[in-house]
Structure formats: structure tokens, C-alpha cells
Protein chains: 2
Amino acid sequence: METDLISVEDGLTARQQAVLDAVLGLMVESGDQLTMTAVARRANCSKETLYKWFGDRDGLLKATVRWQAARVRAGRYDRQPLDAALLRESLADFAANWLDVISSSTSIALNRVAIAHAGSRESNLGGIVLANGRFAIGERVKPLLEAGRKAGLLAFDDSETAFRTFFGLIGRDVQIRLLLGDAASLRAADIRSDAERATDQFLALYGAGKFNGQSRQPA
Amino acid sequence: METDLISVEDGLTARQQAVLDAVLGLMVESGDQLTMTAVARRANCSKETLYKWFGDRDGLLKATVRWQAARVRAGRYDRQPLDAALLRESLADFAANWLDVISSSTSIALNRVAIAHAGSRESNLGGIVLANGRFAIGERVKPLLEAGRKAGLLAFDDSETAFRTFFGLIGRDVQIRLLLGDAASLRAADIRSDAERATDQFLALYGAGKFNGQSRQPA
DNA sequence: CGCACGCCGTACCGTACGTTACGGTTCATC
DNA sequence: GATGAACCGTAACGTACGGTACGGCGTGCG
């Protein structure tokens with residue numbers, strides 16, 4: 001008897017979390033061979049237990065997505081007080097972190113499953129991934145952008161539009177290529193330089209004249 | 001007896017093309033219920049014929065991807081002679097066309113199938129989609145970028161890097177959101193304005209000083 | 001100790017689907 | 001009109017997998 005009954009924030013016991021980690025491992029390795037039998041074997045538990053804990057296959061997938069999302073919680077980026085250097089550093093940190101996430105094998109596998117799901121069943125896996133991925137990070141970065149605007153460092157009308165541009169400058173074609181199986185591996189150094197390039201480009205577009213001096217947001 | 005035996009460029013008879021269109025239709029509507037029986041019923045053909053023509057299910061999917069790719073062939077964008085206005089127009093046209101493609105239900109369904117495939121089997125569907133999608137358009141736009149550079153309108157070291165930035169400015173988070181089932185419908189007017197915004201931003205980053213006057217490529 | 005509970009391992013059931021096989025029909029050719 | 005090829009519609013087969021049932025085992029509790 002261990003501390004198995006102590007539930008963590010998600011209401012999951014350690015044993016249940018281990019099961020979800022087994023699901024993630026199978027997703028990364030096998031891809032589609034994510035069968036209930038395989039999960040049970042990998043997690044050393046019985047299928048009966050899987051169904052008791054998670055209801056059905058979809059419930060297991062949902063719990064897995066949420067479990068992974070809870071783990072990836074990255075830090076906030078709205079440090080104060082803000083100056084130009086700190087803003088640039090915060091943006092670049094975020095960009096590097098985001099590239100790290102989307103190029104991780106776990107994220108790729110999870111997004112593949114969610115996308116495959118989105119095309120058919122309506123058990124909104126894709127919505128959960130979006131809410132915990134793209135939208136969650138947007139809400140975490142916007143305060144930073146708005147703080148930058150308040151400090152006179154950035155100029156934009158709509159923080160959502162500005163963020164989406166930053167998002168595009170960071171990700172470019174990386175995510176779709178990885179999802180489609182392109183072996184475009186990103187090394188750590190690549191991630192850092194890509195993040196800084198995206199940040200420089202973003203500041204060139206939305207910086208309020210205190211960065212490169214001549215950059216402005218185009219009409 | 002019709003012109004059924006006349007093969008088009010792909011070596012597909014009209015009847016076979018009709019079958020592949022049925023596959024596309026099923027992909028868009030049903031998503032995962034893309035069963036051989038459903039295809040046969042939809043196309044009014046027998047399963048025996050499907051297997052004779054396409055070998056197996058994977059062969060049918062591959063043929064479908066290639067058939068759709070052959071249909072989407074967009075025009076080239078390297079018009080000559082090139083001046084600033086024509087370059088901007090060409091870039092915006094390409095951007096609008098690309099947004100049109102990635103937001104079409106056919107493209108979404110096809111990419112979902114290819115991504116689901118990429119996670120498991122190795123019958124490189126994802127590679128085919130990438131080669132005919134992302135990489136094909138890259139090769140078609142690069143001549144335009146290089147012509148722009150030659151004309152002194154653009155400044156960049158590597159056309160691939162410049163194109164990837166343009167790609168990111170155009171697509172931003174649109175494709176991943178659509179793939180994950182977000183109901184972010186793009187209206188035609190949105191596409192046009194988004195394409196022009198992306199073009200303006202790209203020219204602000206890579207334009208050689210003849211557009212907004214003060215824009216430069218950041219370090 | 002005995003009992004109940006939770007869980008493991010496995011066998012089992014029903015169904016869906018990829019694939020094959022086959023009888024019947026159309027149609028071009030001789 | 002006979003023949004053979006191509007093809008349609010459907011039945012049949014084998015397998016994989018989601019979901020359920022059951023026997024056995026360890027453990028906390030009366």
C-alpha cells in the first residue's frame with residue numbers, strides 16, 4: 001500500500017498517471033497501434049481497470065491529453081518592470097519554449113491523434129488540445145505584449161493579431177512538416193537561433209521604434 | 001463506350017478519376033469512415049475493381065493524394081518584368097491562393113488522413129502531401145523572390161529562409177487550428193486582407209527599401 | 001481467520017473492416 | 001450470335017480491436 005490514493009491536482013492517483021504515461025509512450029512509439037490491450041500490457045494493468053477508471057477509449061485519450069497539458073505548463077512571461085532588453089529576452093524565451101514543445105515527440109504524437117480524431121468522431125479531442133495548447137499560450141503571452149505596449153515598446157491595435165503574427169514567425173512550417181512526418185529535426189542551437197530570429201522579426205514589425213530604430217508596423 | 005480508356009496525364013482513366021473524387025468526397029464528409037465498402041458504394045464500383053486498380057487501401061489513398069495534388073497546381077508567380085507593384089501583387093496573390101488551399105475542406109481532410117498515417121504506417125502519405133504541398137509551392141515562389149532580389153526589390157541571403165518566413169506570416173495558426181477542428185472559418189474577404197497583411201509584413205522585413213522606405217531585414 | 005475489495009491476467013464476444021471469391025451483366029470484337 | 005474481357009453487386013473469410021466477464025491473488029479490516 002503506497003500513497004496511491006493521494007490524488008494530485010488532477011484527481012489522478014499516481015498509478016493512474018503511470019497509466020497515462022504509458023499511453024503517451026505508446027503514442028510516441030507506435031503511433032496508431034494505440035490499442036487498449038497494448039496500453040494494459042504496457043502499464044501492467046488489466047483492461048477492466050482501464051475501463052473502470054476512464055470509461056472508454058475516448059475517456060482514456062481525453063485524460064491523456066489533459067495529463068500532458070497539465071505537465072507542459074510553461075512559465076509566464078510578463079516580468080516587471082519591463083524594458084526593451086527584458087521584453088526581447090522574454091519574447092525569445094517564449095519562442096524557444098514553444099519551438100521546444102511543438103517539436104517534441106510527445107506533442108507531435110498527441111497532435112496527430114487529436115487531428116485524426118477531429119476528422120471523425122466528435123469527442124472533441126482537437127478542442128482540448130487547442131484549448132490547452134495554442135489558446136493557452138496565447139493567453140499567457142498577451143499580457144507580455146500588452147505590458148510592452150504600455151511601456152511604449154510595442155505598437156499594435158489588437159494583441160490577438162499581434163500574437164498570431166508572432167506565432168507564425170516562430171512556427172513557420174515547422175509544425176505541419178513534423179506532423180506530416182518530415183524528418184526536419186531541430187537541434188537545440190537551431191531552436192535558440194530560430195527563436196531569436198522570430199523575435200527580431202516580430203520587433204521589427206511591432207516594435208515602437210526603440211529596437212532597430214526604423215522598424216514600423218506596416219499598414 | 002465512352003472515352004474511358006483515354007488516360008489523362010496521370011495515367012488515370014476518367015472512371016478512375018471519378019473513383020478518386022468519391023474518395024475525396026468521403027474524406028471530407030465522413031472523415032474516418034473511409035472504408036473500402038463505402039468507397040465502392042459511393043463510386044458505384046465493385047471492391048474487386050478497387051483492388052485491381054489501386055492494389056490495396058494504401059494505394060487508393062496514395063492515388064487520391066496525387067490526384068488532388070495534380071488538380072491544385074496553382075499558377076506560377078514569377079512574372080516579368082518585375083517592379084515593386086507587381087511583386088507585391090504577385091506575393092499577395094500567392095498568399096491568398098495558399099490560404100484558399102489550406103482552408104479548403106478537401107485540403108483539411110487530406111492532411112488529416114496523411115497526418116494520421118504519418119504516425120503509424122510508413123507508406124509515406126505524409127511525404128507525398130509535403131512534396132506536393134509545402135515543398136512544391138516553395139519551389140514555385142522562390143523564383144519570384146529571387147527575381148525580386150535581382151531587381152533590387154528584396155534583400156535576403158537565403159531564399160528558403162525568406163520563403164519560410166513568408167509562409168509563417170501567411171499561415172500563422174490557421175492550418176493547425178483547422179486541422180484540430182477549430183471552426184475558424186475564413187471568409188473570402190478575410191483571406192484577401194490576411195494575404196495583403198502578410199505581404200506587407202513580409203515586404204517590411206525583406207523589402208529593399210523601396211516599399212515603406214524604412215523597412216529592413218533584421219539581423 | 002475470514003471476508004470483501006481492488007486489481008491482474010486472460011479468455012471471450014460482437015462487430016467492423018480489409019481482402020478475396022464468385023455469379024451475373026454489359027459490351028466490344030469476331 | 002458467340003466469346004471473352006471488364007466490371008458490378010454481394011457474399012464470405014480472417015483478423016483486429018473495443019468492450020465485458022471471470023478466476024485468482026494480494027491486502028486492509030472486522
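Note that the structure is predicted; figures quoted are calculated from it, not measured. Reminder, nothing fancy here: chain letters follow the sequence lines and each chain counts from 1.
- Protein atom CD of B:Q33 is 17 Å distant from nucleotide atom P of C:dT15, rounded to whole Å.
- Counting only residues at least two apart or on different chains, the salt bridge (Lys or Arg N to Asp or Glu O under 4.0 Å) pairs with a member in residues 92-113 of chain B are B:R79-B:D93, B:D93-B:R192.
- Atoms CG (B:L61) and P (C:dC17) sit 14 Å apart, rounded to a whole Å.
- Checked against side-chain hydrogen bond (donor to acceptor under 3.5 Å, both in side chains), A:K142 has the following partners two or more places apart in sequence or in another chain: A:E139, A:E160.
- A heavy atom closer than 4.0 Å to some atom of DNA chain D occurs in B:N44, B:C45, B:S46, these being the qualifying members of residues 35-46 of chain B.
- Atom pair A:Q16:CD and C:dC7:P shows a separation of 8 Å (rounding to whole Å applied).
- Summarising the geometry, the separation between OH on B:Y51 and C1' on C:dC22 is reported as 16 Å, rounded to the nearest angstrom.
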* **A:F202/A:L145 under side-chain contact (heavy atoms from CB on, under 4.5 Å): CA gap, chis, key distance, verdict** => CA-CA 11 Å; A:F202 178 73; A:L145 298 182; 3.8 Å; yes

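- When the side-chain contact (heavy atoms from CB on, under 4.5 Å) test is applied to B:N132, the partners found at least two apart in sequence or on another chain are B:A69, B:R73, B:I128.
- One atom, CH2 of A:W53, and another, P of C:dG6, lie 12 Å apart when rounded to the nearest Å.
- Between B:G55 and A:T49, the residue anchored nearer the 5' end of DNA chain C, judged by the nucleotide with its closest heavy atom, is A:T49.
- Side-chain atoms of A:I176 and B:L179, non-hydrogen and from C-beta on, do get closer than 4.5 Å to each other.
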Which atom pairs link the protein and nucleotides 24-26 of chain C when you take only N or O atoms and keep those under 3.5 Å?
none

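- One atom, CG of B:L60, and another, P of C:dC17, lie 15 Å apart when rounded to the nearest Å.
- A:Y51 pairs by the side-chain contact (heavy atoms from CB on, under 4.5 Å) definition with A:M36, A:K47, not counting sequence neighbours.
- Taking 3.5 Å as the limit, the base of C:dT19 and the side chain of B:K47 contain a donor-acceptor pair of atoms between them.
- For the pair B:L169/A:L205, a side-chain contact is recorded, criterion being any heavy-atom separation below 4.5 Å from C-beta on.
- Straight-line distance from the CZ atom of B:R15 to the P atom of C:dC27: 13 Å, rounded to whole Å.
- Distances from the side chain of A:R57 to the nucleotides D:dG18, D:dC8, C:dC7 place D:dG18 closest.
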So which protein nitrogen or oxygen atoms get under 3.5 Å of nucleotides 22-26 of chain D's nitrogens or oxygens?
from, atom 1, to, atom 2, distance (Å)
D:dC22, N4, A:E48, OE1, 3.0
D:dC22, N4, A:E48, OE2, 3.4

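- Shown here are the salt bridge (Lys or Arg N to Asp or Glu O under 4.0 Å) partners of A:D58, two or more places apart in sequence or in another chain: there are none.
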* Asked: What's the verdict on side-chain contact (heavy atoms from CB on, under 4.5 Å) for B:Q17 and B:L20, showing C-alpha distance, side-chain angles and the deciding distance?
  -> CA-CA 5 Å; B:Q17 293 174 11; B:L20 299 185; 5.6 Å; no

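- For the pair B:L50 CG and C:dC17 C1', the interatomic distance rounds to 14 Å; values are reported in whole Å.
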* **Bracket string, DNA chain D, 5' to 3' - pairs by Watson-Crick or G-U geometry under 3.5 Å, | interstrand** => ||||||||||||||||||||||||||||||

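- The aromatic rings of B:F94 and B:F163 sit tilted, their planes meeting at an angle between 30° and 60°.
- Judged as a side-chain hydrogen bond (donor to acceptor under 3.5 Å, both in side chains), and not counting sequence neighbours, A:E48 has no contacts.
- Not counting sequence neighbours, A:D56 has no partner by the salt bridge (Lys or Arg N to Asp or Glu O under 4.0 Å) test.
- For the side-chain hydrogen bond (donor to acceptor under 3.5 Å, both in side chains) test, residues two or more places apart in sequence or in another chain that qualify with B:N111 are B:S107.
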